[in-house]
Every structure is written in C-alpha cells, then in structure tokens.
Amino acid sequence: MRISAGTVLAGMLAVSNGLDILISNDDGFGTANIRELYKAMKAFGHNVYIVASVVNQSGKGGTVEYTKEKNLTGDSEFGIVKAGAPSIGPDPADSHIWYFNGTPSACVQVALDYVLPRYTNLTTFDLVLSGPNYGLNLGPFLYTLAGTLGATYTAVERGIPAIGISGAYGVQTPYFWVNETTAAGLKDPATIMAQLSANLAQQLITNVAKAGGGRLLPLGYGINVNIPLITSFKSDNCTDPPFIQSRLTGGAVVDLALFNETTGLFSYEDDINPGVNQCIHGDCSLPGETDILKRDCQSAVSVFTVDYDAPIGGVCSSGPDVRSLLFPLVQYANSSTLVGGLNVTTPANVTTVATPTLTPSPVTGSDAGKVLPSLAGLVGAICVEDYPPDSGVEYTNGSEEDRESDSDSTAETFQGAVESQEAANLMTLRVLESDLKRESCSGRVDMGV
Ligand SMILES: *[C@@H]1O[C@H](CO)[C@@H](O)[C@H](O)[C@H]1NC(C)=O
Ligand SMILES: *[C@@H]1O[C@H](CO)[C@@H](O)[C@H](O)[C@H]1NC(C)=O
Ligand SMILES: *[C@@H]1O[C@H](CO)[C@@H](O)[C@H](O)[C@H]1NC(C)=O
Ligand SMILES: *[C@@H]1O[C@H](CO)[C@@H](O)[C@H](O)[C@H]1NC(C)=O
Ligand SMILES: *[C@@H]1O[C@H](CO)[C@@H](O)[C@H](O)[C@H]1NC(C)=O
Ligand SMILES: *[C@@H]1O[C@H](CO)[C@@H](O)[C@H](O)[C@H]1NC(C)=O
Ligand SMILES: *[C@@H]1O[C@H](CO)[C@@H](O)[C@H](O)[C@H]1NC(C)=O
Ligand SMILES: *[C@@H]1O[C@H](CO)[C@@H](O)[C@H](O)[C@H]1NC(C)=O
Ligand SMILES: *[C@@H]1O[C@H](CO)[C@@H](O)[C@H](O)[C@H]1NC(C)=O
Ligand SMILES: *[C@@H]1O[C@H](CO)[C@@H](O)[C@H](O)[C@H]1NC(C)=O
C-alpha cells in the first residue's frame, strides 16, 4: 500500500511503510545483483516481487519479445529451472520470484498483466526497480540500447515510477555465490550495490511520505543510476560511493563503425559526439553522468522523462520554433482547411543543405519569409527560467486519487520534498548543497538524494 497522510490520519487501516515493489533486470532472475536488491528492499519492510528474464537478455533495449514456446527449450541461467518447465513460472524456492522467457521490457509487461493480477492481491506496483545491471549504462545512447533501461522506461510508460540501476562491476554470478565476506574481509559487491540502490529508493520513498504521500515520481518520470566499480573483492578503495545529481547528456559516448580491412568485419569505436550530448531539457549546469563515473568513486543519478518532444512555447518559451520549418506542408490540427500531403507546390531549388549549425541557413522560395524569423530562437535554446525560491510550492494533501489525477501538483510536491533535511539525514547518503537548487523550467524533479 502507499503511504498517504490521509491513511495515517484516518487510522482506519493498519499503518504500514511497506510499498509494493517490482524488480526486474536484463541479466536474468538468478543473478546475485537482483537477488541482493530483493533482499535489501524486503529488509526495508516492502512487499517485493521479482519478474525477470530466464536467461541473460543484455542489450535488448526496449524490444518486446515474448517466447513462442510454451515450455523452456533449455535450462534457465545457472540451472535454476530445467528445460521443459513452463516458459513462465515462479522460482522453485520463492513464490515472489518469477522468471519469463522474454526480453526485459516483455518481463515488465508480463509482470503487470499476468503475474500481478493472477498471483498477487495487488492492483499495481508503487515502484519498479531494474537492476543493478552488470555494466554501466551511461548517456541517452544507452537509454535506448540497454535492457536495464528498457525495463525502466517500459514501467514509466505504463504509469509506474521506475529506477534503472547499473554498476561498473560486470561479472554475472549466481545469487547462491554471494560471498558473505570477500578475501579483503568486505561485503560482496552485489550486496553493496544492492544496499546503495535500496538506500536511494528508500530516500525517495521517505521524502515522498514526508511530503504527504502519493506517487513516488510524477507521471512520465524515471531515474537512471550508475554505480562505479565496487572494489570490495580486493580493497576498500571504493565501497561507499556518494550519489551525485547528474544528467544523461555530457561526455556521453556513441559508437562509430570501425571496418577491419583484413577481416572484412566491423567493430565499435567510441565517439563523444555533440549530437548525443546536446543539453536541451532540464538543468544544463548538472554534470553528465558519464563524466561523474570518470571520477574517483562516485555514483551518478539522472532524472529523465519519456517526453522526447522538443521544447517550444509554454514555460520554456525561449525554445526554438523548429515546427515552423515544416510549414506549410505540416499544418496545425485546428487549421480551417487541411491540404493533403501530396499537394505540394513545386519545390524551390535548394542550393544549400543545412548541416548542424545553430545559425539560420539560407532558404529560398516563397516560404522563406515564413521560416526565417522563427529560427532566431535556435540560439537561445536553453531554458533558463527558475521557480522563485520558496514560492510556487504547493503541497497536495488530498486522497491518492486526487494526487494521481494531478501530475502537476505532484511535481510540486516533489519540489517540497527536498526540504526534508531530516529525511536526508536518515540515510547515509551525502546531500550536496547544489542539490537543493530549484530549477524546473522543463520539469526537473529534485529528489534530494
Ligand atoms: C549477456 O549478454 C551480453 C550481450 O549479448 C554479453 O555481452 C554478455 O557476455 C552475456 N553475459 C553472460 C554471463 O552470458
Ligand atoms: C510442456 O510441458 C508440459 C509438462 O510440464 C507438457 O504436459 C506439455 O505437453 C509441454 N508442452 C509442449 C508444447 O511442449
Ligand atoms: C491474498 O490475500 C488473502 C487474504 O488476505 C491471503 O490469504 C492470500 O494469501 C493473499 N495472496 C497472495 C498471493 O498474497
Ligand atoms: C565467492 O564464493 C564462491 C563459493 O560460494 C566461490 O566460488 C567464489 O570464488 C567466491 N568469490 C570470490 C571472489 O571470492
Ligand atoms: C500539507 O502537507 C505539508 C507537508 O507534510 C505540510 O507542510 C502542510 O502544512 C500541509 N498542508 C495542509 C493544508 O495540511
Ligand atoms: C587503491 O587506490 C589507490 C589510490 O588510487 C591505488 O594506488 C591502489 O592501487 C588501489 N588499490 C587497489 C587494491 O585497487
Ligand atoms: C583486424 O583484424 C585482425 C584479425 O583479427 C587483427 O589482427 C588486426 O589487428 C585488426 N586490425 C585493426 C586495425 O584493428
Ligand atoms: C491552433 O493550434 C496551435 C497548436 O496547437 C495553437 O498554438 C494555436 O493557438 C491554435 N489556434 C487557434 C486559433 O486555436
Ligand atoms: C491543393 O492546394 C491548393 C491550396 O494550397 C488548393 O487550391 C487546391 O485545390 C489543392 N488541390 C487538390 C487536388 O487538393
Ligand atoms: C533548378 O535548377 C536547375 C539547374 O540550376 C534549373 O535547370 C531548373 O530550372 C531549376 N528549377 C527551378 C524550379 O527553379
């Protein structure tokens, strides 16, 4: 159940801090990382389920693939479930842990539409956690490529707050190999990453509860977390990284196709390209998550939204009017007459094809006059409006239904959540002064983590 001020005050229901939480990943339901996170979230008193792929499904992004086989044609990872078993089922040892033979995104859907209605008493999950992944997922590029993030944004798109978590430690091990203590006398990296992840989720849960309850994140919002290499197998060099507020863009790497003349094959080469690193939405003063992970021992926490639309008008009125570049062929829905897309006037000869530049390129033809003035906004693309300090923050203390139907006020509740310094002190997380800065032109959520 959700924590809500109304519930507590009414005293009609048993007071419970436990939320209903789904965990998935792309490494499979039997890996150490996901099972350690399951344990850590249960230790916080939550009602936790795992629904995850039966085998490794790395690199699938948001692809949805359901198996076409009723039964497994091979053993699950680590031999936990044998070939011939149904393609979906519970772990032999725990009825809250489910495997499915499908991609991470498919697993989240199966969790919501099959496991939840048939095998739980729940109506939905309050939060979806994905990971911790074996290997980092840094930058918008990985946002579309990684199964960890595919599961995350699938949940967000289904209206459920979600956090994707990835760690630099990359060796997938089974859950029954988690070492109580390592050779260095420390906790297993899987245990440490799970505790870090659980602490972050619990910080969010605590802050929202203190702000009056409701959704953990506004509709359409998710969080991407990356944890540096936890060195506890060898030393305590990096076993307690601080969480740093970051953004997806900034230092992010995309791939180049490198052709090998000898083999006739391609391989990847890294490219830090401005295309993937353009700051358009949110707080451009934040460091890129990729750059954070280059530091000594720090975790990056980026807030994202599933709204890929370019900023134009609205609060961010300084956004460029890119849509006018599509006039007159592309019309507004409220135009009195809509002209068919095949009915184009003879195109003018265009002598220059625009290359990536922020200055207007020459456009010839009869429509040039309509297009050029609107391009002036391209240079001032970054949104700079701030909320005035301590104003515009409204708490909604109504029922759950009220909150869920009002994502705007939910967002503002979040703005208020960071004021809860007490909540922050509960956890061993380090709060940076700059985290409390209010900058929400395009809806940044300040979590205070
Ligand atoms: C999981 O799949 C990815 C992508 O195919 C691969 O790089 C990785 O080695 C696999 N891991 C295991 C343990 O099989
Ligand atoms: C799947 O396995 C069950 C037993 O677990 C068996 O009865 C059934 O025939 C199998 N179905 C297929 C299509 O292999
Ligand atoms: C659902 O709730 C009933 C009644 O509280 C309980 O007996 C049952 O075990 C619950 N089922 C699950 C799957 O949690
Ligand atoms: C962890 O323990 C397992 C046995 O439970 C062992 O096989 C493995 O080598 C250990 N790993 C390390 C890094 O010590
Ligand atoms: C609503 O909740 C906030 C945070 O808990 C509190 O500061 C505020 O006084 C409450 N407002 C009302 C009207 O109850
Ligand atoms: C720990 O960090 C120090 C300083 O960065 C480095 O010199 C040392 O080699 C590291 N030790 C291990 C075991 O990684
Ligand atoms: C091309 O592939 C061959 C064979 O694997 C390898 O020896 C060579 O180093 C590669 N060349 C480059 C430029 O990577
Ligand atoms: C027509 O639609 C556009 C885009 O939605 C809007 O900006 C404009 O104000 C509308 N015009 C009228 C007359 O409603
Ligand atoms: C094409 O559009 C023009 C107005 O831009 C209109 O006068 C003409 O009737 C249209 N032709 C067709 C075939 O729709
Ligand atoms: C476009 O340019 C070509 C070559 O410069 C010319 O032959 C043609 O007439 C031009 N077309 C129009 C519509 O101006």
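Both ligands and their constituent atoms are indexed starting at 1 by order of listing.
Under the side-chain contact (heavy atoms from CB on, under 4.5 Å) rule, T31 has a single partner from W177, Y175, Y134, which is Y134.
Under the 6.0 Å cut-off for aromatic ring centres, F304 and Y221 do not qualify, their centroids lying 6.0 Å or more apart. Aromatic ring centres of F29 and Y38: separated by at least 6.0 Å.
Every atom of ligand 2 with a heavy atom of G84 under 4.0 Å away is listed here by number and element: 2 (O), 5 (O). Atoms of ligand 8 found under 4.0 Å from any heavy atom of N334, numbered from 1 in the order shown, are 1 (C), 2 (O), 3 (C), 8 (C), 10 (C), 11 (N), 12 (C), 14 (O).
We find that D113 and R158 are joined by a salt bridge, their nearest charged nitrogen and carboxylate oxygen being less than 4.0 Å apart.
Among the atoms of N71, some N or O lies under 3.5 angstrom from an N or O of ligand 2.
Taking NE2 of H96 as the reference point, atom OG1 of T120 lies at 8.5 Å (rounded to 0.5 Å).
Sorted by first and then second residue, the salt bridge (charged side-chain N to carboxylate O under 4.0 Å, His left out) pairs with a member in residues 51-63 read K60-E65; sequence neighbours excluded.
Within 4.0 Å of ligand 7, the residues that place a heavy atom are N260, T263, listed by chain and number.
Classification of the F327-Y332 ring pair by plane angle, with boundaries at 30° and 60°, yields perpendicular.
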